[in-house]
Amino acid sequence: MTEVLELAPVSAYWQGVCDYDDLPPEDGVCALVGGEQVALFRTHDGRVHALSNLDPFSGAYVLARGIVGSRGGVPTVASPMYKQVFDLTTGRCLDDPAVRVPVYRVRVSGTRVEVART
Amino acid sequence: MPPTPTKTGHLVVIGHGPAAHRLIEAVRERDTEDYWQITVVGEEPRPAYDRVALTSYLTDGADLGYPAHDDAVRVRTGERVTAIDRAGRTVTTDAGETLGYDTLVLATGSVPFVPPVPGAGTAFVYRTIDDLDALRARAAGRASGVVVGGGLLGLEAARALQGLGLETHIVEMAPWLMARQLDEGGGAMLRRHIEALGLRVHTGVMLDRIEADAVRLAGDTVLPADVVVFSAGIRPRDELARAAGLEVGERGGVVVDDACRTGDPRIYAIGECALVGGQVYGLVGPCLSMAEVVADALFGGAARFAGADTSTQLKLMGVDVASFGDPSADALNVSYTDPVAGTYKRLVVSDDAGTLLGGVLVGDASAYPTLRACVGASLPAAPDRLLFGGTEAVAGAMTEETMVCSCNGVSAGTIRSAIADGGLTDLPAVKACTRAGTGCGSCVPLVKRILDEELTSAGIPVSRALCEHFDHTRAELFDIVRVRGITTFSGLIAECGRGRGCDICKPVVASILASLGTGHILDGERAGLQDTNDQFLANMQKNGTYSVVPRVPGGEITPEKLIVIGEVARDFGLYTKITGGQRIDMFGARVEQLPQIWKRLTEAGFESGHAYGKALRTVKSCVGSTWCRYGVQDSVGLAIRLELRYRGLRAPHKIKSAVSGCARECAEAQSKDFGVIATEKGWNLYVAGNGGMRPRHADLFATDLDTDTLIRYIDRFLMFYIRTADRLQRTASWLESLDGGIEYLRDVIVADRLGICDSLDAAMARHVEDYTDEWRATLDDPERLRRFVSFVNAPGTPDPSIVFEPERDQIKPVIPEVVFP
């Protein structure tokens, strides 16, 4: 992975998707990144997290529309479909540890939110 | 006189009021061997009834009767005991009967005090059902009334007179209202509230005489008075005791010891006729305690009447009033007056600021249960925290002696031992076993708190917490939000929660904020609190698309509107289906289509149907008397009126309703949260029905109501449910969880037992007034519309994962393979 990062041109690797202000606090939105649906979440501390938008339990692309919160200090989103809760930092499903959704690297550059394409 | 299985004793009770009733019930409960043969003689023409609720008899025609005693109790009504023969152990009645006794209990009560002024003989009093009947007959067609006495009962009588249509004055000799319970500041605040209701108050004045149509005060003030009611204190009925040679107090009252026993060991006195510890008690709580003490003694017990907490909490004409402990103690005062909100609060604490001695609350008595329980104990928190805090402020501060339920005289220690000894684990069991919380109900949060603490210390897991972020129930959060005026989730979690919330507490708080009518549900951080359905004002379906249900009040729709729905569904390629609630559901809309769809619908006059919300859904109806050969009332008209009244009302769960135009019940009203069935005379109201997973037939709440009364009862039913139900609790299970069930509910809604009806009415009036269509308000605001896109970085792009295939000439979703990465 490290080699890929070094070899790839930075501008092609980090893709800007929206302004930071487009992210409502403690809520989620979905972005299309290279044909993939990425759910972006802004937590109360101002940080941005990115998970795949695909809810693995229902097969619907809806995680960005879940309720953002916390469980035991871990920032979470609850799927709006059947309410399973996912750790925003690891993608791990806290209700079913066997399930994990992909996590995307995300950063705020100036006013822009950028997602790392993999 | 402990019972033995081989013997019986005759117990005679003179007087059949609330204290006598409680005594007899308490004896029957204990008397497993049927030792006591009981005869009760009451001079009123009816058995005991709930005198405390007298006013509701006048205003609502409420039935005040207590449940009848069992058949073993002989009840003699309309009969007066005229003499007691202590040597012969008999009593004689005005019917010529002589009754022998082994034990005699005097429960003769009191008479209203009528001051000896000229003309007083023409005045009325306010004590019995017969008094009220006479008062009502007199008031009919008259214009003015004067109540002499500005105490608790006087104010209640004044409200009743006003309710009978009289221009009403209150005359009080003391310098302020409720002088026994309140201090000057509290009395002044109460007066402001009462005058705002149109009653005229005269304090610090002396009565000169009663004239044919006026009351003349000292100093030549003349008040018009077609009706005069005296409510200026009570005098114990002690004449029988006096004639029988029993000791009576200088100012009246049968002298008894702390077991309520007179100088004659076979004779007891309880209630308002008894002078115990040098005091006559005119409040129901202490009177009932005396009844329990005697019941205990009749079985060899050693219970003692240890004085009573004369703390009072009540709602007077919509005004919360409370006093507790000794508010006149000479010590430090912490007081707070808010003339805008109309509140006055005062705490009296010991000179070292360590002990709470008493206090007064007017306008907002929400702190009363906790404060009352703290009287005599060290202050568990700073005074301002106590004045404005909830039950949590007193956690752990209750000693064994702390009087938790003053109505029934139950201490914290009694509750704790009942829980430990009886292995009790829930609130209904504790209430049933100890009677705590079964009076006015104000102490229920404290009883629950004690229960939880006991269970916790016994290692029994108890979780009343909504989720890990709040230790409170939904009802408690509702009160916290309401009382403290909290308007944001962040504010609430800072106040009494932890962490950042979750999919359980956030929608609950969003719903509470919406029920209290504070702004649009999608504004600011509110949007992020909502389930996706509320966030997009539509119902998410299994493929991530949404369905749309416009409101069709009462199921009545014009051909033009039907055509609009058809056109919208056709133009957006939606699947349509008729719902069970007499409306039309359109499925398969993507988030970015929702505003376009609603723009069309709104322009055609449709509003949100709230199919997505925990809110009123529909009021279904049959076609009713306008068309139906059998209909007796216009069920469609009423259904539309109800649906428009309650549309948008957020609740702990969805609310469904129906109106049937005759007893054939085609609208299935008895399976609804509230259902109405027409009768020849009006409407029958049913509540707490449920279809769904656990069907429940609704209970008949009231019959033959006129439309205004019907709506008033439904208003209160809904608001009481919204305030007190748990998260996701439908009305059916809510009613089942109410201690006392439908009877209790009726008591609250019809008889205003909790004194909250004014507040419930006001809350519903506010809802009706503030209603706006959520969809129209959303379309009007670009900020609210921003979230209606599939992709933040490609607003025009539809979600490519959403795919349909045809079925029966419409679309159906293609469900992707479910994957577990």
Side-chain angles (χ1 to χ4, degrees), chain A residues 15-19 22-33 35 37-38 40-45 52-85 91 93 96 98-102 113 115, chain B residues 467-469 489-490 493 497-507 510 522-536 539-546 590-591 783-784 786-787 789-802 813-821:
Chain A
Q15 182 173 334
V17 291
C18 62
D19 280 338
D22 290 332
L23 302 180
E26 302 198 86
D27 205 347
V29 299
C30 184
L32 264 183
V33 182
Q37 293 197 25
V38 179
L40 300 167
F41 302 94
R42 173 175 153 191
T43 44
H44 77 285
D45 53 9
S52 166
N53 194 37
L54 176 63
D55 170 24
F57 292 94
S58 64
Y61 288 79
V62 294
L63 284 188
R65 288 178 242 150
I67 289 179
V68 176
S70 68
R71 184 181 286 186
V74 174
T76 57
V77 64
S79 168
M81 196 66 79
Y82 300 121
K83 314 295 183 199
Q84 289 88 359
V85 172
C93 176
D96 185 349
V99 178
R100 183 198 283 267
V101 299
V113 177
V115 174
Chain B
C467 63
E468 68 173 60
H469 305 101
F489 180 80
S490 298
I493 210 155
R498 66 185 77 83
R500 294 310 305 172
C502 65
D503 60 307
I504 292 174
C505 60
K506 281 185 162 183
L522 296 186
D523 283 353
E525 65 161 35
R526 299 272 289 280
L529 305 180
Q530 315 279 356
D531 272 320
T532 188
N533 285 5
D534 277 300
Q535 191 166 107
F536 290 96
N539 292 47
M540 179 181 268
Q541 303 298 330
K542 63 196 294 182
N543 65 341
T545 62
Y546 292 80
R590 299 187 305 272
V591 284
E783 201 43 46
R784 292 173 188 155
R786 275 179 70 184
R787 69 184 62 252
V789 294
S790 287
F791 303 110
V792 65
N793 59 343
T797 307
D799 181 347
S801 73
I802 293 172
V814 177
I815 304 306
E817 289 274 312
V818 173
V819 279
F820 289 88

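For clarity, every value in this text was computed on a predicted model and none was experimentally measured. Note on naming: letters A, B, ... go to the chains in the order of the sequence lines (proteins, then strands), and numbering restarts at 1 for each one.
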So which part of [X] gets closer than 4.5 Å to some heavy atom of chain A, the side chain, the backbone, both or neither?
{"X": "B/L529", "value": "backbone"}
{"X": "B/V591", "value": "side chain"}
{"X": "B/S790", "value": "backbone"}
{"X": "B/R787", "value": "side chain"}

Chain B contact via A/V62 - side chain, backbone, both or neither, heavy atoms under 4.5 Å: side chain
Non-hydrogen atoms of chain B under 4.5 Å away: do they reach the side chain of A/V38, the backbone, both or neither? neither
So how far is it from B/D534 CG to B/R526 CZ, rounded to the nearest 0.5 Å? 10.5 Å
Here the gap from A/S58 atom OG to A/M81 atom CE, rounded to the nearest 0.5 Å, amounts to 4.0 Å
Is there a side chain to side chain donor-acceptor pair (under 3.5 Å) between B/D799 and A/Q37 once you walk through the steps? CA-CA 9 Å; B/D799 181 347; A/Q37 293 197 25; 2.6 Å; yes
Min side-chain heavy-atom separation A/Y61-A/C30 under 4.5 Å: no
From CA spacing to verdict: side chain to side chain donor-acceptor pair (under 3.5 Å), A/H44, B/S490: CA-CA 10 Å; A/H44 77 285; B/S490 298; over 6 Å; no
Show your working on side chain to side chain donor-acceptor pair (under 3.5 Å) between B/T532 and B/Y546 and close with a plain yes or no. CA-CA 10 Å; B/T532 188; B/Y546 292 80; 2.6 Å; yes
Quick one: of A/P80, A/S52, A/A78, who has the most non-hydrogen atom pairs under 4.5 Å with chain B? A/P80
Interface residue of largest heavy-atom contact number with chain B, from A/P75, A/C18, A/A31, under 4.5 Å: A/A31
